[in-house]
Amino acid sequence: MLPKVLQMMKFETPNYRSSRWHQLVELRREVLRKPLGLDFSVEDLESESDCLFMCAVHQDQVVGTLQYRILDSETVKMCQVAVHPDLQGSGVGAALVKKSEVWMRSLGYSQIVLHARESAVAFYLKLGYSLVGEPFVEVGIPHRKMSRTL
């Protein structure tokens, strides 16, 4: 049986600068930026105006989020994947990624690429992503490029 949060979770695709977008930015700030001593600049957030967003919502709170940057007519880059710390390991992230893959396929994309933090590589491997190339450093921490054909 699924955990209660997964049973009651819904997925949304908020628009840039919407109230829900502001909530997902706050989750990303807490999970991805603050632990590294970083924050988003105005330019960082303005560069998201052409991105596509998906979030997992439970009891009207964003509990997981990711975004896609369109690279070309076939390829998107998944980035800024974050799950509320209390729910990491619960299946929220996997459900979010799977739901977003269906969405990307419905929009006509056939390839997803991403830069995974080294600590998240196993998560993406379980979801069918493959390693591409050698490790590299991004935002001061080790990453791996990964991809998946839809």
Side-chain angles (χ1 to χ4, degrees), residues 5-6 9-18 20-58 62-150:
V5 68
L6 292 179
M9 191 169 60
K10 63 181 182 172
F11 299 94
E12 297 179 5
T13 55
N15 292 322
Y16 175 70
R17 296 276 187 199
S18 67
R20 190 66 88 196
W21 176 84
H22 286 283
Q23 290 178 4
L24 65 87
V25 168
E26 285 308 309
L27 178 61
R28 290 173 17 214
R29 179 177 282 121
E30 289 300 316
V31 173
L32 302 174
R33 296 296 174 129
K34 281 188 177 179
L36 300 176
L38 302 172
D39 199 353
F40 294 107
S41 68
V42 171
E43 294 80 15
D44 290 334
L45 297 176
E46 286 176 352
S47 75
E48 296 182 0
S49 64
D50 59 352
C51 291
L52 301 170
F53 306 93
M54 181 173 272
C55 59
V57 178
H58 181 257
V62 173
V63 296
T65 183
L66 56 73
Q67 73 186 50
Y68 285 101
R69 291 190 181 275
I70 299 167
L71 300 182
D72 59 43
S73 63
E74 297 176 357
T75 310
V76 289
K77 180 181 180 185
M78 183 191 308
C79 52
Q80 298 292 306
V81 180
V83 173
H84 190 283
D86 293 343
L87 296 172
Q88 292 176 3
S90 71
V92 169
L96 180 61
V97 168
K98 289 175 187 175
K99 186 75 169 178
S100 77
E101 290 170 347
V102 171
W103 180 39
M104 289 301 106
R105 195 176 305 116
S106 77
L107 295 177
Y109 298 102
S110 59
Q111 185 76 20
I112 296 175
V113 298
L114 59 90
H115 293 175
R117 291 179 180 198
E118 192 68 49
S119 60
V121 168
F123 168 80
Y124 291 108
L125 288 171
K126 287 179 189 173
L127 292 173
Y129 287 79
S130 300
L131 292 168
V132 178
E134 297 300 317
F136 61 95
V137 174
E138 190 172 78
V139 293
I141 56 176
H143 279 73
R144 295 295 304 266
K145 183 174 182 180
M146 301 184 82
S147 69
R148 178 158 195 247
T149 301
L150 298 176

Heavy atoms only: give me the nearest [X]-[Y] pair and the separation to one decimal.
X: Y16; Y: L45; result: OH-O, 3.0 Å
X: L27; Y: A82; result: CD2-O, 3.9 Å
X: Q67; Y: F53; result: OE1-CE2, 3.4 Å
X: L96; Y: G64; result: CD2-C, 3.6 Å
X: C55; Y: V62; result: CB-CG1, 4.0 Å
X: H143; Y: I141; result: ND1-O, 2.9 Å

Which residues satisfy the side chain to side chain donor-acceptor pair (under 3.5 Å) test with [X], sequence neighbours excluded?
X: E30; answer: K34
X: D72; answer: T75
X: D86; answer: none

Is the shortest side-chain heavy-atom distance between [X] and [Y] below 4.5 Å?
X: V113; Y: V132; result: no
X: Q88; Y: V31; result: yes
X: T65; Y: Q80; result: no
X: L125; Y: M146; result: yes
X: R20; Y: V57; result: yes

- Just grab all the ring pair (Phe, Tyr, Trp, His ring centres under 6.0 Å) pairs involving residues 111-132, residues at least two apart or on different chains.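 Residue pairs passing ring pair (Phe, Tyr, Trp, His ring centres under 6.0 Å), neighbours aside: H115-F136, Y124-Y129.
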- Sorted by first residue and then second, give each salt bridge (Lys or Arg N to Asp or Glu O under 4.0 Å) pair with at least one member in residues 138-150; sequence neighbours left out.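 Checked against salt bridge (Lys or Arg N to Asp or Glu O under 4.0 Å) - neighbours excluded - the pairs reaching residues 138-150 are E101-R148.
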- Message: Nearest 0.5 angstrom please: E12 CD to S18 OG, how far?
- Response: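 Output value for this atom pair is 8.5 Å.
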- Query: Which of these passes side chain to side chain contact (heavy atoms under 4.5 Å, CB included) with K77: I70, I112, L71?
  - Reply: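 Single side chain to side chain contact (heavy atoms under 4.5 Å, CB included) partner of K77 among I70, I112, L71: L71.
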- side chain to side chain donor-acceptor pair (under 3.5 Å) contacts in which one or both residues fall within residues 43-55, not counting sequence neighbours: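 Every side chain to side chain donor-acceptor pair (under 3.5 Å) pair that includes a residue of residues 43-55, provided the two are not neighbours, is W21-E48, R28-E48, S41-E43, S41-D44, S47-R69.
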- Item | Candidate pair L32 and R117, rule side chain to side chain contact (heavy atoms under 4.5 Å, CB included), full reasoning | CA-CA 10 Å; L32 302 174; R117 291 179 180 198; 3.8 Å; yes
- Message: Go through it in stages, so that I can follow the logic: the residues are H58 and V92, the test is side chain to side chain contact (heavy atoms under 4.5 Å, CB included), and I'd like the CA-CA distance, side-chain angles, deciding distance and then a yes or no.
- Response: CA-CA 10 Å; H58 181 257; V92 169; over 6 Å; no
